[in-house]
Amino acid sequence: MQPQPHAPIPELYVSNDSAAKLRVEAGDLPSWDLTPRQVCDLELLMNGGFNPLKGFLTEEDYDGVVENMRLADGSLWPMPITLDISEKFAGTIEEGQDIALRDAEGVILAILSVTDKWTPNKSREAEKVFGADDSAHPAVNYLHNHAGPVYLGGPITGIQQPVHYDYRGRRDTPNELRAYFRKMGWRRIVAFQTRNPLHRAHQELTFRAAKEAQANLLIHPIVGLTKPGDIDHFTRVRCYEAVLDKYPQATTALSLLNLAMRMAGPREAVWHGLIRKNHGCTHFIVGRDHAGPGKNSAGEDFYGPYDAQDLFQQHQEEIGIEMVDFKHMVWVEDRAEYMPVNEVPEGASVLNISGTELRRRLQEGLEIPEWFSFPEVVEELRRTKPARSKQGFTVFLTGLSGSGKSTIANALLVKLMEMGGRPVTLLDGDLVRKNLSSELGFSKEHRDLNIRRIGYVASEITKNGGIAICAPIAPYTATRRAVREDIEAFGAFVEVHVATSLEECERRDRKGLYKLAREGKIKEFTGISDPYEAPDHAELVVDTEGLDVDYCAHQILLKLEAMGLIAA
C-alpha cells in the first residue's frame with residue numbers, strides 16, 4: 001500500500017463572511033441544543049473527520065450503515081451518525097426545513113437542512129451495530145435510555161467550530177494534521193488510538209509499531225466521550241505529555257481527537273481507521289479487543305479478542321490505511337525488558353499488571369513498580385485518584401416507601417459524623433422533594449428528573465472529597481445506573497438495596513400512602529400501580545424486617561471499611 005498524499009480533504013464550513021450572515025439568519029430558525037455526544041459528532045462532520053459524510057445520515061444511509069456498513073452510494077461507513085431528538089421537538093419540525101444547531105451555551109454552530117425524519121428501530125440498531133440488544137453495553141444503554149426517539153438527517157452547513165478552552169495547541173483538524181505532516185516531511189504515519197494513560201508497555205508497543213512500519217508515530221487519544229468510569233481527559237493528557245519526551249525527538253506527535261466513542265469493537269475499529277485516514281495517517285494500530293466495552297449481561301466479553309483485527313483486515317484496502325496489529329507486551333524479568341508475549345522464551349519469568357490490579361493499587365495507595373509505568377504518570381494518576389480512604393464517595397440507599405431508608409440514612413449520617421475526617425451530607429428523598437424538586441410531580445419523567453438532580457448534587461459532593469448519603473425510592477434501574485456513572489467519575493458509588501418486602505412496608509404505612517394507593521387516590525405509586533426494579537448488583541442488601549436500625553447502619557459501615565473508603 002502506497003503512502004497517502006497530504007492533500008486537503010473537504011470541510012463543511014462556509015467562509016467567515018458567509019458565516020457572519022448565516023449566524024444572523026439562523027437566529028430566527030427553530031433550534032436544537034446539542035448533547036455532548038452530538039457536539040462531538042458535529043465537529044468531526046464539519047472538519048472532515050467523518051468524510052465522506054456531508055451531514056447527519058438520511059434514513060436510507062442509516063439503513064445501509066446499520067445493515068451492512070454501507071452508505072446508500074456503496075461507500076464503507078460502519079457507524080450511524082444521526083441527530084436524535086425528542087418527540088416534542090420532532091412534532092415542530094418538517095422535512096425540507098432548516099434548523100439551527102446550538103451548543104450548551106446557545107452558540108449557533110451549524111445549520112441542518114432536514115431531509116429526513118423517522119423513528120428508528122433501536123433494537124435492530126443495537127443488534128446489528130453493537131452485536132446485541134443488551135443494556136450492559138454502554139452504547140446500547142445510551143441508545144435506549146438517553147438518545148431521543150426520533151432521528152433527523154440531512155446536510156450540514158458549518159458556521160463555527162465548537163470552542164475548546166483546554167489544550168488548544170494539541171487539538172488539530174484533519175487538514176491541520178495533514179499540513180503538519182507535509183511540513184515535517186512525514187510520508188508514513190502510524191496512529192495509536194487510546195482512551196487510557198500510557199504506561200511503559202504502551203510506549204514499547206508504539207515504538208515497535210512505528211519501527212515495523214518504518215513510519216513516524218501519531219499518538220491520537222480520544223478526549224471526547226469514552227467509556228463511563230474512564231479517567232478524565234485532563235489527567236490523561238497530562239500523562240501523555242509526561243511520556244512524550246520518552247520517544248526519539250522529532251519522530252512522534254501528540255494530537256487530541258474530540259470523538260464520542262461507541263465502544264463498538266469491530267465496527268469501531270473500522271470507523272477509527274477511516275477517521276485516521278482522513279487525518280492523513282497511513283497506518284493504524286488495532287488492539288486486542290479494540291474498543292471493547294467489557295462484559296455483557298451474562299458475564300462474557302461482548303466481542304472476541306481478535307474480532308476487530310479480523311474485520312479491519314477484511315476492509316483494509318477500502319479503508320485506505322494499513323493495519324498494524326497489537327502485540328500484547330509483557331515484562332520479561334530475566335531480560336529486564338518488554339517483549340511481545342508470543343516471543344517470550346520458554347520458562348522465562350513474566351510480569352504483568354492488569355487494569356484492575358492498577359486501579360486496586362491506586363485505590364489502596366500501594367506501590368506501582370517502575371517497570372510497569374513511568375513515575376511521572378503515576379504521580380499524575382495519584383493526584384487525580386488518591387487512595388480510596390481520601391476520596392469522596394456516595395452511599396445510595398434505594399427501596400420501597402416505608403422500607404426504612406431514611407431512618408438508616410440518618411443513623412449512618414450520625415455515625416460518619418462521629419468518625420469525622422470528611423463533611424457528610426444527607427440527601428433524603430423527602431428533604432430533596434421539599435428543597436430541590438418542589439415543582440416536580442410523580443410521573444416517571446419527573447421521578448427520573450428528581451433522581452438525576454440528587455445524583456448531580458451527590459457527584460459534586462463526591463468530587464470535592466465529601467460524603468453524600470442519598471435515600472430516595474429510585475425505582476428505575478436505568479436512572480440508578482446513570483447516577484452511578486455520574487458519581488463514579490469522581491469517587492466510589494455504594495448502592496445499598498433496602499430490601500424490606502412490600503407486605504412489611506404496607507403493614508407499617510406510617511404516612512397512610514399505601515392505603516390511598518390501594519384506593520386509587522394516588523396514581524403511579526411505586527410497588528402498587530408502578531413497578532420497583534430491584535437492583536441486581538447492589539454493593540450491599542439489607543432488610544429492616546426483624547433487624548434494628550443500628551445494626552443495618554453498622555453493616556453499611558463494615559462495607560465501607562471493606563472497600564477501603566473509611567479507616568478500619
(message) I need the His315 NE2 to Leu274 CG distance, nearest 0.5 Å.
(response) 10.0 Å
(message) Using 0.5 Å steps for rounding, measure from the CZ atom of Arg188 to the SG atom of Cys281.
(response) 12.5 Å
(request) Please examine the side chains of Asn450 and Val432, heavy atoms only from C-beta on, and report whether any two atoms are closer than 4.5 Å. (result) yes
(request) Report the C-alpha separation of Glu204 and Arg208 in whole Å, then their side-chain angles, then the decisive distance to 0.1 Å, and conclude whether the salt bridge (Lys or Arg N to Asp or Glu O under 4.0 Å) test is met. (result) CA-CA 6 Å; Glu204 183 65 26; Arg208 283 175 177 246; 3.0 Å; yes
(message) Please tell me whether Ser255 and Asp172 have a donor and an acceptor in their side chains that are separated by less than 3.5 angstrom.
(response) yes
(message) Between Phe302 and Phe130, is the ring centroid distance below 6.0 Å?
(response) no
(message) Angle between ring planes, Tyr303 versus His137, binned at 30° and 60°: parallel, tilted or perpendicular?
(response) perpendicular
(request) To the nearest 0.5 angstrom, please state how far the CE atom of Met323 sits from the CD atom of Gln313. (result) 4.0 Å
(message) Return the CG to CG distance between Leu45 and Leu101, rounded to the nearest 0.5 Å.
(response) 10.0 Å
(request) Give every residue pair that meets the ring pair (Phe, Tyr, Trp, His ring centres under 6.0 Å) criterion with at least one member in residues 233-268, sequence neighbours excluded. (result) none
(message) How long is the straight-line distance from CZ of Arg382 back to CZ of Arg361, given to the nearest 0.5 Å?
(response) 9.5 Å
(message) Using only atom types and a distance under 3.5 Å, with no angle test, would you say the side chain of Lys463 pairs donor to acceptor with the backbone of Phe490?
(response) no
(request) Kindly indicate whether the side chain of Leu42, heavy atoms from C-beta on, has any atom under 4.5 Å from the side chain of Pro162. (result) no
(message) When you compare the side chain of His202 with that of Thr194, does any pair of heavy atoms fall below 4.5 Å?
(response) no
Pair up each side-chain donor or acceptor in residues 214-223 with any protein partner under 3.5 Å, not counting sequence neighbours, and list the distances.
from, atom 1, to, atom 2, distance (Å)
Asn216, ND2, Thr251, O, 3.3
His220, ND1, Arg276, NE, 2.8

Which atom pairs, one a donor and one an acceptor, fall under 3.5 Å between side chains of residues 256-268 and the rest of the protein, sequence neighbours left out?
from, atom 1, to, atom 2, distance (Å)
Asn258, ND2, Glu43, OE1, 2.9
Arg262, NH1, Asp41, OD1, 3.1
Arg262, NH1, Ala260, O, 2.8
Arg262, NH2, Asp41, OD2, 2.8
Arg267, NE, Lys128, O, 3.4
Arg267, NH1, Val65, O, 2.8
Arg267, NH1, Pro78, O, 2.8
Arg267, NH2, Val65, O, 3.4
Arg267, NH2, Val66, O, 2.8
Glu268, OE1, Arg262, N, 3.1
Glu268, OE1, Met263, N, 2.9
Glu268, OE1, Ala264, N, 3.0
Glu268, OE2, Arg262, N, 3.3
Glu268, OE2, His272, NE2, 2.9

(request) Let me see the working for Asp166 and Arg171 under salt bridge (Lys or Arg N to Asp or Glu O under 4.0 Å), right down to the final yes or no. (result) CA-CA 9 Å; Asp166 61 324; Arg171 294 178 182 269; 3.0 Å; yes
(request) Mind checking the OH-CG spacing from Tyr476 to Asn145? Nearest 0.5 Å is all I need. (result) 12.5 Å
(request) Any chance you could lay out the salt bridge (Lys or Arg N to Asp or Glu O under 4.0 Å) test for Glu495 and Arg480, step after step, and finish with the verdict? (result) CA-CA 9 Å; Glu495 187 174 49; Arg480 294 194 302 264; 3.2 Å; yes
